[in-house]
Number of protein chains: 2
Amino acid sequence: MALPSGPVTTSSEAEAALFDLVDVYDRAYEAAAAELSLSPAQACVLGRLDERRGMGALAEELGCDASNITQIVMRLEALGLVTREPNPRDRRARLVARTRRGDELNHRFATAFTFARTAVGRLSPDEQDQLTALLRKALG
Amino acid sequence: MALPSGPVTTSSEAEAALFDLVDVYDRAYEAAAAELSLSPAQACVLGRLDERRGMGALAEELGCDASNITQIVMRLEALGLVTREPNPRDRRARLVARTRRGDELNHRFATAFTFARTAVGRLSPDEQDQLTALLRKALG
DNA sequence: TATTGTTATACTCTATAACTATA
DNA sequence: TATAGTTATAGAGTATAACAATA
């Protein structure tokens, strides 16, 4: 179980609500991954492979070091969930792709991770639009 | 750098906005901790010690195993940021407390973690109240 | 010479199981 | 016997540095 990220000095109600949301979201994500015996990082990488892509692209997208991706992909490969195919255009590079089992597990994960869906579902369509607009504004 | 938790099947704009918020929040938290050479878990535990408390209370509050807290507190202690005092009421138990350096570093962390403050600051007072209400409703 | 990716290494987080000391 | 916390152990995430193969 991951530790929650806060609380810092939650000087306002809105900041506290943001913290609570992030805390519950992260815990739910981790729990959904654990149901499938995946680490959060493994579930995350698996979820990025709707299209196959290179190690470097994954690292940049996820904001971590390439050697980190190497390790995660290695474990996913050992689980039979992804393959590392040669890139015909550049023999240094590899293309990571989900296997059929990887597709299946990714789909099961999307089903198991109900938090965001459930949370949004508690709001009316108008409220959903309001929330989206407020979050977008807050994100700058 | 921690990997972002998604995207899952972000079937709506609101779900996508929630994901983006969580992603940016988590990255900002980690970056603020890294500025002070702390891990996110260390910054988190340090932030929970405005009042001193026992190992078990920390573990329950953070939703992780007690042995995990033992390790984190051990490292914080080695850094001179917390102490483990005997509990006069129960000689099995310990009370973890921030040192003066721990107080100082925690304060610097609260200053360095600007994300939630900045994000909320982009909204008017009315908008802040709306956001709070929507998030509370979404959290159920 | 620069880039893609891996390997080697080290540290942290995390849980489980077994243990000590105390209640 | 039950509880608070630690220790031992193992697997996973993460970054840095050094490296190989290719561009």
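Every chain is numbered from 1 and lettered A, B, ... according to where its sequence line falls, protein lines coming before strand lines.
Distance from the side chain of M55(B) is smallest for dT6(D) among the nucleotides dT6(C), dT16(C), dT6(D). You'll find that the side chain of R92(B) is closest to dA2(D), out of dG13(D), dT6(C), dA2(D). In the set dA15(C), dA4(D), dC13(C), the nucleotide with an atom closest to the side chain of A93(B) is dA4(D).
The nearest whole Å value for the distance from the CD1 atom in I72(B) to the P atom in dT12(C) is 11 Å. With rounding to whole Å, N87(A) atom CG is found 17 Å from dT3(C) atom P. Look at CZ on R75(B): it is 12 Å from C1' on dA10(C), rounded to the nearest Å. Following rounding to the nearest Å, D65(B) (CG) and dT7(D) (P) show an atom-to-atom distance of 14 Å. Atom-to-atom, CG of N68(A) to C1' of dT7(C) comes out at 14 Å; the value is rounded to the nearest Å. Remark: P of dT14(C) and CG of L58(B) are 13 Å apart, rounded to the nearest angstrom. Between E60(B) atom CD and dT3(D) atom P the separation is 13 Å, expressed in whole Å. Atom CD in E85(A) sits about 16 Å away from atom C1' in dG5(C), given to the nearest Å.
Residue R91(B) places at least one side-chain N or O under 4.0 Å from the OP1 or OP2 atom of dA23(C). Between T70(B) and the phosphate of dT6(D), there is a side-chain N or O to OP1/OP2 separation shorter than 4.0 Å. Between R84(A) and dT6(C) there is a side-chain N or O to OP1 or OP2 distance below 4.0 Å.
Both D90(A) and M74(A) sit near DNA chain C, but only D90(A) has its closest nucleotide nearer the 5' end. Between A66(B) and S39(A), the residue anchored closer to the 5' end of DNA chain D is A66(B), taking for each the nucleotide with the nearest heavy atom.
Other residues, nucleotides and ligands place no more than 12 heavy atoms under 6.0 Å from the CZ atom of R101(A). For E85(B), the CD atom sits in a packed shell: over 12 heavy atoms of surrounding residues, nucleotides or ligands are nearer than 6.0 Å.
The shortest distance between side-chain heavy atoms of V82(A) and V73(A) falls below 4.5 Å.
Taking the six-membered ring where tryptophan is involved, the planes of F115(A) and Y25(A) are perpendicular, since the angle between them exceeds 60° and thus also 30°.
The base of dT16(D) sits with one of its N or O atoms less than 3.5 Å from a complementary donor or acceptor on the side chain of S67(A).
Exactly one of D20(A), L131(A), L123(A) qualifies for a side chain to side chain contact (heavy atoms under 4.5 Å, CB included) with L135(B). That residue is L131(A).
Note on R89(B): nothing from the nucleic acid sits closer than 4.0 angstrom, heavy atoms only.
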